[in-house]
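Only this structure's heavy atoms are used, side chains among them; waters, hydrogens and symmetry mates stay out. So you know, we letter chains A, B, ... as the sequences are listed, proteins then strands, and number each from 1. Predicted model, so just to flag it, every value in this text is computed and none were measured.
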There are 2 protein chains.
Amino acid sequence: MGEAAEEFGGVTPDAARRLLLGAVEAFAERGFHATTTRDIAGRAGMSPAALYIHYRTKEELLYQISRVGHERAVRILSAAAEGGGSAAERLSTAVRAFVRWHAEHHTTARVVQYELTALGTEHYAEIVGMRRRTEEILRGVLADGVADGEFTVEDLRGTALAVLSLCVDVARWFRTGGPRTPEEIGTLYAGLALRMVGAGPTRSSG
Amino acid sequence: MGEAAEEFGGVTPDAARRLLLGAVEAFAERGFHATTTRDIAGRAGMSPAALYIHYRTKEELLYQISRVGHERAVRILSAAAEGGGSAAERLSTAVRAFVRWHAEHHTTARVVQYELTALGTEHYAEIVGMRRRTEEILRGVLADGVADGEFTVEDLRGTALAVLSLCVDVARWFRTGGPRTPEEIGTLYAGLALRMVGAGPTRSSG
DNA sequence: GTCTATATTTCGATAGAC
DNA sequence: GTCTATCGAAATATAGAC
């Protein structure tokens with residue numbers, strides 16, 4: 001199927017997982033509102049009615065995708081950001097891992113990052129809370145680097161947001177089979193992020 | 001109404017412009033597929049049927065918004081990128097202007113940047129062509145800077161795409177009344193872009 | 001050009017057999 | 001737990017009066 005299988009491997013029963021994977025693909029291709037429950041059920045090899053045995057509404061499918069995806073994204077970012085090493089090393093590792101996830105799991109990531117607004121009010125609020133945590137984690141690394149004198153950043157909040165923008169947007173344009181591997185993009189972006197905070201390798205000025 | 005009025009001021013007759021402005025607002029808030037023609041007509045103070053006097057389909061509204069918006073965005077970027085000065089000056093001016101437009105006209109920009117996939121096949125192809133031009137313009141500035149020795153960039157294509165990601169993503173998160181003005185974000189991002197190409201002011205290494 | 005009224009289609013979700 | 005069949009609502013787009 002797709003690279004989304006890895007994210008939702010723990011979902012049971014089997015039919016519920018197949019429906020979730022079908023929904024990820026469909027939402028990523030067409031968007032939540034343009035996707036029909038018939039389409040989702042069809043991708044899972046089931047009748048339209050079968051969807052409602054495992055999920056109460058179409059929105060609940062989006063919520064589960066969004067929740068599990070955000071949990072994974074936060075975990076990946078925090079594992080790198082709160083690991084060992086200098087602020088520069090942690091920033092580099094965090095951006096590389098975060099970007100790599102957005103490229104490798106671009107189908108899931110696209111839904112996670114760009115279909116938020118289709119969530120119901122309460123689900124939306126919950127997800128927004130997780131996204132705030134994401135910003136805080138990255139801002140913490142930048143603050144550490146500034147305190148250490150490793151980074152030169154005037155607008156901490158704005159720069160952290162910019163680095164996140166860079167990472168997240170990978171999900172929008174990445175296509176499997178393109179000229180760069182997820183690993184290569186991760187390495188490129190880690191270098192760009194270091195430069196953005198004033199810690200990157202610069203030219204030998206001329 | 002909104003900041004979109006400026007973009008579409010030249011559209012006549014009056015009813016056609018009001019419908020376009022209503023569509024921009026609705027598409028930006030809910031997305032193309034979640035927006036009803038009744039909603040658009042309602043925002044324009046008209047009946048649902050009146051829409052079809054001025055536009056053949058809902059998709060044609062999106063196409064007009066997308067076309068005019070992309071034309072404006074390309075013009076803003078190219079005016080700065082192909083102006084005078086060093087590569088660093090042109091990059092700085094281009095990013096500042098491009099970001100500022102995405103912030104000031106975030107409603108239009110959100111539709112322009114994130115509702116592309118709802119376009120019909122032929123319209124989509126036309127818009128993709130304009131977006132390729134956008135990438136080429138920015139890549140040209142970066143190439144100039146590398147040739148001059150002003151910039152240090154290994155992956156020209158990847159770095160140009162990253163700078164564009166940064167600019168475009170402003171339309172996703174910007175809210176009027178937030179802590180920063182469009183001008184301030186433009187200045188911040190111009191500095192970040194310079195750093196990304198190895199031309200930014202860096203710390204006095206310790 | 002704009003309205004009221006509606007044709008036609010399609011969608012999300014449910015009922016009931018198995 | 002899955003299916004066939006379908007309900008009721010809502011959508012895009014059109015018809016015809018004014």
Side-chain angles (χ1 to χ4, degrees), chain A residues 1 8 10-66 111 115-124, chain B residues 1 8 10-66 111 115-124:
Chain A
M1 182 163 295
F8 305 98
V11 176
T12 56
D14 188 68
R17 184 177 60 255
R18 293 205 318 274
L19 285 163
L20 211 60
L21 295 176
V24 169
E25 281 191 1
F27 292 163
E29 275 179 29
R30 316 188 205 285
F32 176 81
H33 290 290
T35 297
T36 69
T37 53
R38 283 169 171 77
D39 183 5
I40 295 168
R43 288 172 194 254
M46 304 172 79
S47 77
L51 189 153
Y52 295 92
I53 297 160
H54 302 281
Y55 301 94
R56 275 181 306 173
T57 63
K58 188 173 81 162
E59 191 268 353
E60 199 192 314
L61 271 164
L62 176 63
Y63 169 62
Q64 294 299 341
I65 294 164
S66 201
V111 179
E115 299 296 325
L116 278 188
T117 54
L119 288 168
T121 311
E122 292 189 10
H123 290 161
Y124 180 79
Chain B
M1 182 163 292
F8 305 98
V11 176
T12 57
D14 188 68
R17 184 178 61 254
R18 293 205 318 274
L19 286 163
L20 211 61
L21 294 176
V24 169
E25 281 192 2
F27 292 164
E29 275 180 28
R30 318 188 205 285
F32 176 81
H33 291 290
T35 297
T36 68
T37 52
R38 281 171 168 75
D39 184 4
I40 295 168
R43 288 173 194 254
M46 303 172 79
S47 78
L51 190 152
Y52 295 92
I53 297 160
H54 302 281
Y55 302 94
R56 276 182 306 176
T57 63
K58 189 173 82 162
E59 191 268 353
E60 199 192 314
L61 271 162
L62 177 63
Y63 169 62
Q64 294 300 341
I65 294 164
S66 202
V111 178
E115 300 295 327
L116 278 187
T117 54
L119 287 168
T121 311
E122 291 189 9
H123 290 161
Y124 181 78

Atom NE2 of A:H33 and atom C1' of D:dA11 are separated, to the nearest Å, by 14 Å

dist B:S47:OG -> B:Y52:OH (nearest 0.5 Å) comes out at 11.0 Å

Here the distance between atom C1' of D:dA11 and atom CZ of B:F32, to the nearest Å, is 12 Å

Among the nucleotides C:dC11, C:dG1, D:dA13, whichever has the atom closest to the side chain of B:T57 is D:dA13

I'd like a list of close polar pairs between nucleotides 3-7 of chain C and the protein, N/O only, cut-off under 3.5 Å.
residue	atom	partner	partner atom	Å
C:dC3	OP2	B:S47	N	2.8
C:dC3	OP2	B:S47	OG	2.9

Residue pairs passing the ring-ring contact (aromatic ring centres under 6.0 Å, His included) test with at least one member in residues 11-31 of chain B, sequence neighbours excluded, are B:F27-B:F32

**Asked** Does a nitrogen or oxygen in the side chain of A:H54 sit under 4.0 Å from OP1 or OP2 of D:dT2?
**Response** yes

Rounded to whole Å, CD1 of B:I40 lies from P of D:dT12 at a distance of 8 Å

Taken to the nearest whole Å, OH/A:Y55 to C1'/C:dG12 is 17 Å

Do B:D39 and B:R30 come within less than 4.5 Å of each other through their side chains, counting heavy atoms only? yes

Whole-Å distance, B:L51 CG to C:dG1 P, equals 14 Å

message: Quick check against the 3.5 Å criterion: does B:R17 have a side-chain atom that pairs as donor or acceptor with the backbone of B:V11?
response: yes

task = Show your working on side chain to side chain contact (heavy atoms under 4.5 Å, CB included) between B:T57 and B:Y63 and close with a plain yes or no.
result = CA-CA 10 Å; B:T57 63; B:Y63 169 62; over 6 Å; no

By salt bridge (Lys or Arg N to Asp or Glu O under 4.0 Å), A:R38 pairs with (sequence neighbours left out) none

Does a side-chain N or O of B:Y52 approach OP1 or OP2 of D:dT14 to a distance below 4.0 Å, or not? no

Contacts of B:Y55 meeting ring-ring contact (aromatic ring centres under 6.0 Å, His included) (sequence neighbours excluded), chain-then-number -> none

Whole-Å distance, A:L19 CG to D:dT2 P, equals 8 Å

Picking from C:dT14, D:dT2, C:dT2, the nucleotide nearest the side-chain atoms of B:A15 would be C:dT2

To the nearest 0.5 Å, atom NE2 of B:H54 lies from atom CD of B:E60 at 12.0 Å

Taking five pairs at each terminus, the helix from C:dG1-D:dC18 to C:dC18-D:dG1 shows an axis bend, to 10°, of 10°

Whole-Å distance, A:D39 CG to C:dT10 P, equals 14 Å

With sequence neighbours left out, the residues meeting side chain to side chain donor-acceptor pair (under 3.5 Å) with B:H33 are none

note: B:R56, atom CZ; D:dT14, atom P; distance rounded to Å ~ 10 Å

